[in-house]
Amino acid sequence: MLKQLIRFYGDDMQVFLRQYLEQSLNHFLKQQDTMQGLLKNMIDAGPIGMISKIMEQNLDTWQKFTHQDSDNEEK
């Protein structure tokens, strides 16, 4: 495939091929971003995502609690 692409260099089709490849890659990257977003949403909505969110909330609560406790000891 690379050989075929190189053969277009200097050809009348060079401009067309370049535009086609740019558009194709841009479309591919957009689709890839969309798929990654969908997969992330699926994982977040699943049991593992729920457990992860609960763990984050528990950690935040614990950090707030221990921070308040250390503030009270300083006073």
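Interatomic distance, Leu17 CG to Arg7 CZ, rounded to the nearest 0.5 Å: 13.0 Å. Here Lys30 contributes atom NZ and Leu25 contributes atom CG; the two are 12.0 Å apart, rounded to the nearest 0.5 Å. In this structure, CG in Leu5 is found 6.0 Å from CG in Leu21, a value given to the nearest 0.5 Å. To the nearest 0.5 Å, the span separating CD1 on Ile51 from CD on Glu56 amounts to 12.5 Å. Note that CZ of Arg18 is 10.5 Å distant from CD of Gln23, once rounded to the nearest 0.5 Å. Atom CG of Leu59 sits about 13.5 Å away from atom CD1 of Ile54, to the nearest 0.5 Å.
Between Gln14 and Phe8, the closest heavy-atom pair is CB-O, 3.5 Å.
Between Trp62 and Phe65, the ring-plane angle classifies as tilted under the 30° and 60° cut-offs.
Evaluation of the side chain to side chain donor-acceptor pair (under 3.5 Å) rule for Lys53 yields no partner, not counting sequence neighbours.
Residue Asp12 places its CG atom among 12 or fewer non-hydrogen atoms of other residues, nucleotides or ligands, all under 6.0 Å distant.
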